[in-house]
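Since the structure is predicted, the reported quantities are computational estimates derived from the model, not experimental observations. Atoms within each ligand, like the ligands themselves, are counted from 1 in listed order.
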Amino acid sequence: MLRTRVKICGITRIEDAIAAIDAGADALGFVFYSKSPRAVSVEQAQSIIAALPPFVSKVGLFVNEDAAFIRKLLGLCSLDILQFHGDESPEFCHSFTMPYMKALRMREGMDLHVAAEEYSTARALLLDSYKPGVPGGTGESFDWHRIPNDLDIPIVLAGGLRVDNVAAAISSCHPYALDVSGGVEMAPGIKCPQKVTEFITAISDADRREE
Ligand SMILES: O=C(O)c1ccccc1N[C@@H]1O[C@H](COP(=O)(O)O)[C@@H](O)[C@H]1O
């Protein structure tokens with residue numbers, strides 16, 4: 001059975017991180033973007049990461065951040081992969097010699113074949129909804145049928161995912177992974193363990209149905 005991976009983004013508390021891992025999350029996202037309600041400080045991320053068991057991917061999310069800040073952070077926090085959620089160029093994303101995903105907001109006219117070529121050094125493209133002036137965490141989904149099925153790069157699907165739409169998301173575009181933030185929260189930055197569990201269970205159920 002092909003298993004759709006799960007990233008729970010916007011982790012701000014140790015207990016939420018552990019609950020997500022216990023529920024089966026593959027990756028946890030730490031938002032280093034000060035304008036987000038889910039932003040974490042370097043110290044906060046350090047203490048959460050220090051409490052995690054092995055074999056869970058730690059993702060650092062940035063929006064048009066200074067290279068110097070990112071480099072300094074990489075020396076302080078043990079991250080596994082970077083998520084660039086702004087207008088970062090392929091050269092910028094690649095310059096940290098770390099695995100990275102490039103988030104693309106699905107504005108009209110977005111050509112994913114061109115983007116996949118541009119960001120050919122990315123480990124995945126993360127596709128999110130486009131909302132003018134909001135870089136991410138919009139809670140809104142987009143038309144998943146816009147994703148071509150012949151892309152040569154893993155797709156991480158994001159934007160407005162919830163327990164009641166993950167099955168449709170998986171059957172429409174068979175992404176490598178789903179990334180959720182707002183859909184599993186009880187308040188911005190505070191995850192709801194029950195929603196996280198239901199979300200991951202719904203993914204496993206959908207994967208089984210896709211067999
Ligand atoms: O989570 C945020 O606050 C955030 C802020 C700025 C850029 C990206 C952000 N999160 C990412 O947004 C998408 C969708 O989130 P949601 O499920 O619709 O709330 C996801 O990739 C998060 O990693």
May I ask you to check whether F96 and F84 place their ring centers less than 6.0 Å from one another? yes

Option whose closest heavy atom lies nearest to atom 13 (C) of ligand 1, chosen from D128, L157, T138: D128

With respect to R38, determine whether any N or O atom, backbone or side chain, lies less than 3.5 Å from an N or O atom of ligand 1. yes

Tell me whether the count of non-hydrogen atoms from other residues, nucleotides or ligands lying under 6.0 Å of OH in Y176 goes above 12. no

G29 near ligand 1, heavy-atom distance under 4.0 Å? no

Electrostatic pair E185-R38, nearest N-O below 4.0 angstrom: yes

Do V31 and ligand 1 have an N or O pair less than 3.5 Å apart? no

Could you work out, for atom 3 (O) of ligand 1, the closest of G160, G137, S36, A39 by heavy-atom distance? S36

So, 4.0 Å and heavy atoms of K7: is ligand 1 close enough to count as a contact? yes

Between R105 and D128, is there a side-chain N and carboxylate O pair less than 4.0 Å apart? no

Between A158 and ligand 1, is there a nitrogen or oxygen pair with a distance under 3.5 Å? no

With a 3.5 Å cut-off and no angle check, do the side chains of D152 and H113 form a donor-acceptor pair? no

Answer with yes or no whether Q83 contacts ligand 1, where contact means a heavy atom under 4.0 Å from a ligand atom. yes

Checking F30, Y33, F32 against F62 for ring-ring contact (aromatic ring centres under 6.0 Å, His included), the one that qualifies is F32

